[in-house]
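In listed order, ligands and their atoms are each counted from 1. The residues of the chain are indexed from 1 along the displayed sequence.
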Amino acid sequence: MFDKTAYTTRREKLKTLLQDGIVLLPGNVDVPMNYKSNTYRFRQDSNFLYFFGLDQQGLAGVIDLDNDSETIFGDDVSLDDIIWMGPQPTLKSRAEQVGVTQTQPFSKLSEVLSEARSKGRKIHFLPPYRSENMLLLEDLLGIKPAVQKDEASIELIKAIVKLRSVKEPEEILEIEKAMEVAYLMHTTAMKMARPGVFEHEIAGVVEGIAISANGMLSFPLILSVNGETLHNHAHNNKLEAGRLLLMDGGAETSMHYATDHTRTMPVSGRFTDDQKDIYEIVLKAQIEAISAIRPGKTFKSIHMLAAEVIACGLKNLGIMKGDVKSAVEQGAHALFMPHGLGHMMGLDVHDMEDLGEDHVGYDEEVQRSDLFGTAFLRLGRKLQQGFVLTVEPGIYFIPALFEKWQQEGKFKEFINYEKVKQYIGFGGIRIEDDILVTDGGYRVLGKPIPKTVADVEAAMGER
Ligand code: GLY
Ligand code: MN
Ligand code: MN
């Protein structure tokens with residue numbers, strides 16, 4: 001946990017951004033896997049962590065804006081708990097570590113909120129994403145889960161997005177700590193990838209690296225020879241010479257700060273000429289997009305720039321044709337890159353996505369596009385110093401999408417379908433790094449993970 005002033009300062013800032021009422025921030029509880037006491041690994045709620053710092057189950061933080069008071073609700077462990085789980089510091093002493101002096105048993109929360117509701121006071125809560133907290137909110141506030149998202153406090157969402165979007169220096173240090181683990185995860189995968197190895201053999205070692213560093217993965221590992229499937233979490237394939245292997249993986253520190261990198265490598269250790277051609281286009285798009293990052297620039301314009309580099313590169317290979325700018329404006333490149341260029345990253349790998357992508361990534365000035373492909377861009381708005389975000393262009397040959405578009409004769413003026421057909425079975429290439437927006441530009445975070453064709457091949461070693 002950070003020093004207590006980090007949490008007291010954040011709560012003070014939050015108070016200045018809100019008018020009145022009560023802020024309710026429930027933490028998470030354990031979630032059963034296959035029976036009640038056999039639970040998934042515990043992950044605290046990121047908003048609770050940000051303002052109240054405590055990484056344990058069964059807590060809720062309350063900020064009373066009208067009385068300028070803060071309380072953590074929770075229970076001290078019972079003798080039974082001590083026998084099974086060991087002794088724990090008291091709630092009072094844990095709360096003091098994050099600068100909160102008032103604590104109450106969890107059962108009191110309902111009383112406090114009922115009283116506030118009976119007086120017609122506003123209770124600010126966030127859209128819940130776990131059923132346990134949906135049921136808790138229904139219990140506490142009498143609001144059905146189906147409408148909780150609509151009744152969540154926009155004022156609180158906007159205030160939190162404003163604060164969490166700009167990373168504090170100690171948060172950046174924490175993200176950089178995770179970068180060392182990320183480097184080891186990705187370079188280990190490069191060393192292990194070779195014909196005959198199963199995806200799950202590498203996936204297990206990579207996840208083990210994150211756990212050995214006293215953390216965990218920041219999201220389920222994407223490691224697949226079918227890199228064209230964007231979020232493929234199955235790891236059943238045997239690696240074969242001639243294929244590509246895409247790994248999109250991130251580490252999370254014990255403080256829950258994330259990394260998110262993608263590298264694509266040739267199973268045999270050496271790229272074929274066709275693979276190199278496509279790889280160089282993705283790399284160029286990624287490097288040019290990163291170079292364009294600076295405060296005041298919209299990320300949507302950087303997404304469009306990357307899309308143009310991709311369309312231009314594909315045109316040079318005869319895969320696309322026609323005017324590159326109009327192809328991108330109309331969305332023809334989305335056959336090859338149907339996703340956005342990147343997203344915010346921090347306590348969540350897709351930072352604050354629970355608060356609503358549009359609240360995090362868009363504003364009055366920059367609205368989400370409804371064009372297939374560009375519509376999936378999670379971050380479009382103007383960049384500010386202190387944002388941490390990913391830049392992750394890719395080129396994919398997705399058989400189902402290709403067949404649909406070809407049948408429809410979609411964008412025939414921009415796509416050379418006969419040529420694309422030759423690439424079906426190629427897979428996909430994505431290259432992803434994590435970037436801090438600085439005063440005058442950007443900084444790529446972490447020790448550089450091999451990225452050029454030569455560096456990836458060198459990291460994979462002699463074969
Ligand atoms: N979590 C996958 C990605 O956004 O890169
Ligand atoms: Mn990723
Ligand atoms: Mn990402």
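In terms of polar-atom proximity, defined here as any N/O pair under 3.5 Å, D260 does make such a contact with ligand 1. When only interatomic distances are considered, the shortest N/O to N/O separation between E392 and ligand 1 falls below 3.5 Å. For H343, a nitrogen or oxygen atom sits less than 3.5 Å from a nitrogen or oxygen atom of ligand 1, counting backbone and side chain alike.
For the pair R11 and F52, the distance from NZ or CZ to the six-membered ring centre is under 6.0 Å and the angle to the ring normal is within 45 degrees.
From L347, atom CG reaches atom CG of L49 across 6.0 Å, with rounding to the nearest 0.5 Å. Atom CZ of residue F397 and atom CD1 of residue I319 lie 4.0 Å apart, to the nearest 0.5 angstrom.
Contacts of D248 with ligand 1, taken as heavy-atom pairs under 4.0 Å, involve the side chain alone. Residue T390 does not touch ligand 1, judged by heavy-atom distances below 4.0 Å.
Salt bridge present: K325 and E308 bring a charged side-chain N and a carboxylate O closer than 4.0 Å. In this structure, K321 does not pair ionically with E413, as no charged nitrogen and carboxylate oxygen lie closer than 4.0 Å.
Residues V456 and M460 have side chains in contact (heavy-atom distance under 4.5 Å, counting atoms from C-beta outward). Proximity of H343 to D260: side-chain heavy atoms (C-beta onward) are separated by under 4.5 Å at one or more points.
The environment of NZ in K410 is crowded: more than 12 heavy-atom neighbours from other residues, nucleotides or ligands sit within 6.0 Å.
Judged as a ring pair (Phe, Tyr, Trp, His ring centres under 6.0 Å), the pairs with a partner in residues 273-297 (not counting sequence neighbours) are, in order, F271-Y279.
Each of the atoms 5 (O) of ligand 1 lies under 4.0 Å from some heavy atom of E432.
Listed by chain and number, the protein atoms of type N/O/S under 2.8 Å from the Mn ion (ligand 3) are D260 OD2, H343 NE2, E392 OE2, E432 OE2; waters are omitted.
For H350, the heavy-atom gap to ligand 1 drops under 4.0 angstrom.
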